[in-house]
Structure formats: C-alpha cells, structure tokens
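Have a look at the structure below before the remarks.
For ligands, and for the atoms within them, numbers begin at 1 and follow the listed sequence.
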Amino acid sequence: MTDLADIADVGRDARRGGYSRHGFDRAELELREWFGQEAARRGLDVRTDRNGNLWAWWGEPGPGAVVTGSHLDSVPGGGAFDGPLGVVSALRAVDVLRAKGFRPSRPLAVVVFVEEEGGRFGVACLGSRLMTGAIPAEAACRLTDPDGVTFAEAARRAGVDPGRMGRDDDALATVGRFVELHVEQGRGLAVPVGLASSILAHGRWRFTFTGEGNHAGATLIEDRRDPMLPASRLVLAAREAATGGARATVGRLVPNPGGTNVIASSVDVWLDARAADDRRTREVVDRITAAARSAAADEGCEVRVTEESYGDTVHFDTGLAAEVSAALGGVPALPTGAGHDAGVLAAHVPTAMLFVRNPTGVSHAPEEFAEAEDCAAGVVALATTLEHLAR
Ligand code: GLV
Ligand code: MN
Ligand code: MN
Ligand code: MN
C-alpha cells in the first residue's frame, strides 16, 4: 500500500477519475523510471528488452529463470491496482526473500510489460505479444494512438528502437516459469489469495459505419443516412448476443466529426467480445456482425469490420498450478474473464497467476480496490511461490 501510495499521483485523470497511464506516455514513462529506481535500490540489474519491456534481474540473466511481474499502464480512467499491484508485489516479494536470507539457485527477474491494456494503441498485451511473436513488429509499429502518433514513434521517443522490435527468442529463452500476481477482477474469490485456472477467449473488433454527414435541422428524417442508427443497433445486438456466460461490450464509440447539430458522416464502434472458447466467441461476434450489416443496410450506410486483436482460451499449466497451490497450503483456482500478459506467456512457458481478492468485483474503474491485508497476503504468497520455484 505504501508503494502504491508512492505512485498515487502519477497519471491521475482529473476528468475521468482514477488513472490514465498508457504505453510510453508521460505517466507510464514516469512509472518506468520509478520502477528502475526501486529495482536499482534493491541491487537488481535493470534492462530494457528489444520491445521496451523492463526486466530487473536478481542474479545473472540466463535460461530457466523464474520471472514474475505485470504492467504499469492502465485503461482510461482505471484503478490503482490492475497492473501496479503485480509489480510492487514482485519487488516486495524480493524483499521478503532477501530478508530471510534466501539465495535463488536460478536467476529471478521482475518484468514490466509495456501497454498491457491497449488503452493507447488499441491492442492489449502489446509488449508480451511482441516478445512472443504473437503480433508482428510491423503490425505493432503501425498502430496509432487517438492523436495519430504511431507505436513506433512513441517507442522511439521513449528511447526504444522500433527497428529492433519483434519476437525476442533471447528474452523468451530466459523465462523458465512465469508467475503474474494480479488483483482479481470479479467477485470470484472468497479468500485473500487464489490461482487462475483459465482466461476466456477474447478479442476486439472495430466496426466503421459510413453514411452521409449533414445538417441536424435542415435534413428531413427520410433523407438521412445516419451511421449512428446502425451503431446504436450494434450496441443492442451485443447485449442480445452475449448469452450463456459470453460477454460483449461496446465501451468506445466515436462519431465523426462529433457535433451536436451534425449528422455524423461515419462512426467507429469498438466491440470487446469474450466467451468460453473460440467457437462460442466467433458465434457471438458473427451474430453481432450480421445485425450490424442488416442495420447498416436499413439506413443506407456502409459498414467495414476489422478484427483488431484476438486470443483463444488460455488454460494455465495445471502441473504448475498444483505445485504452487501445494506450496501455499492449498488455494482455490478460478477462471477469469480478464486478459493478462500471463495469458500470452502461457503459450510458451509454464505460467501461473496469483489473484488477490477483490472485495467489490469492480475493476477497470476508479473504484477498483483490494484490502491491505489481502495485498500483504498476496506478497507472502508470491514470495513463497518464487522461493519454491527458484530454490
Ligand atoms: C485487460 O485487463 C482486459 O481483460 O481487457
Ligand atoms: Mn486490465
Ligand atoms: Mn492487468
Ligand atoms: Mn448553421
């Protein structure tokens, strides 16, 4: 809690409430700086990888390392815990192990992945996807933020050479096992600490509806081709399609040009859809897409659909989960609807996630919260896990 208080002023969003900290923006760069100092103060060796992810090494970097960490960026108007809790807990876990005189018999590292939320460039887990090759460097570098700044340019300004970005087998080869601690994001955990069992399949789709910009007063209703109409029907279709545990959300809708007395000429709508598996996620998105196409046709509008990112269901390594649970004296495992860098890493190395209880189930909002006692239990659980894996 004191560590989170340390960074409590960084990236506060006065307009939205909470925090807006995005990949390579001023707030995230300040937090990265803070992380570097905290790690150096502990005698850890801090390095930046080819994709801009930060690594703080305890021991010489090498294969088979036990790696833990999370991210420091947030969604727009996000909470204080999603991401930073995993980073500060990792540093504190190192302190706990040091204080008890533990000497790891394999290298141990704390990692900070860049742009996990995709809050600035639209694709979540950008740092871990780049590192593992899940997104090609050219595709990542072309992504733009709402001001038109490319990811490549933002990286360059942060001192990271976009020309060297891409699948980083050297970094990946160092990771023997990965553990991410995270605040739980629903109301799924009744005890202070648990483990993740799986992550829903999920992705992001962009629908661009194009109609005819015109005057709000002078244009007769029957003469309009207003793209806000099919956009609105997409929002309703998303709710209707999300049955049987699936989730579909429109959290961002941008009319162009966006004037009160202007019929929009186009509207961009971003859909976030998630379900238990690939088939059901595709079904949900197909239903919404069909509704969007038919609504666009009814209004004489065009619609273009782009899949911006996608990841299939993640099943965390059951052997590692059993090992960690045993080391912790038995903790519950639960599925989650939230995406994580650990989900990206899980396709490459045995990976586990520790969850800290969320008393209200609120996340991706300023009200996100975890009790100090539960956070402390999380640090102890993470330290115990690292000790077990690195001994
Ligand atoms: C990340 O937190 C996500 O699930 O979108
Ligand atoms: Mn998040
Ligand atoms: Mn997160
Ligand atoms: Mn006028």
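- In summary, the atoms of ligand 1 found under 4.0 Å from a heavy atom of His364, numbered by their order in the structure, are 1 (C), 2 (O), 3 (C), 5 (O).
- Between His182 and Phe355, the ring planes are perpendicular. Angles over 60° get that label, and only those under 30° would be called parallel.
- Distances from the Mn ion (ligand 2) to each N, O or S atom of Glu117 single out OE2 as the nearest.
- A 6.0 Å sphere centred on CZ of Arg16 holds more than 12 heavy atoms belonging to other residues, nucleotides or ligands.
- Residue side and main chain included, Glu116 places no N/O/S atom under 2.8 Å of the Mn ion (ligand 2).
- A salt bridge does not link Arg287 with Glu283: none of the charged nitrogens is closer than 4.0 Å to a carboxylate oxygen.
- A salt bridge is defined here as a Lys NZ or Arg NE, NH1 or NH2 lying under 4.0 Å from an Asp or Glu carboxylate O, and Glu308 with Arg204 fails to meet this definition.
- If you look at His202 next to ligand 1, there are no close heavy atoms at all, none under 4.0 Å.
- When distances to the Mn ion (ligand 2) are checked against a cut-off of 2.8 Å, His340 contributes no N, O or S atom below that limit.
- To the nearest 10 degrees, the Mn ion (ligand 3) sees NE2 of His71 and NE2 of His182 at an angle of 120°.
- Paired with Asn51 under the rule side chain to side chain contact (heavy atoms under 4.5 Å, CB included), one option of Leu126, Val114, Leu130 passes, and it is Leu130.
- Looking at Arg204 next to ligand 1, no N or O pair under 3.5 Å apart turns up.
- Around the CD atom of Glu212, the shell of radius 6.0 Å holds more than 12 heavy atoms that belong to other residues, nucleotides or ligands.
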Could you give me the CA-CA distance, side-chain angles and deciding distance for Asp317 and Arg177, then say whether salt bridge (Lys or Arg N to Asp or Glu O under 4.0 Å) is met?
-> CA-CA 10 Å; Asp317 191 288; Arg177 271 159 307 175; over 6 Å; no
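- Below 4.0 Å from some heavy atom of Ala338 lie the following atoms of ligand 1, by number and element: 4 (O).
- Which parts of ligand 1 touch Glu117 is read off a 4.0 Å heavy-atom cut-off, strictly below it: atoms 1 (C), 2 (O).
- Protein heavy atom at the shortest distance from atom 4 (O) of ligand 1 is Gly339 N, 2.6 Å.
- Using a cut-off of 2.8 Å, one finds that Asp82 contributes an N/O/S atom close to the Mn ion (ligand 3).
- The N/O atoms of Arg274, backbone and side chain alike, include one that comes under 3.5 Å of an N/O atom in ligand 1.
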Determine, step by step, whether Asp3 and Arg92 satisfy the salt bridge (Lys or Arg N to Asp or Glu O under 4.0 Å) criterion, reporting the C-alpha distance in whole Å, the side-chain angles of both residues, the deciding distance to 0.1 Å, and the verdict.
-> CA-CA 9 Å; Asp3 293 338; Arg92 288 285 174 155; 2.7 Å; yes
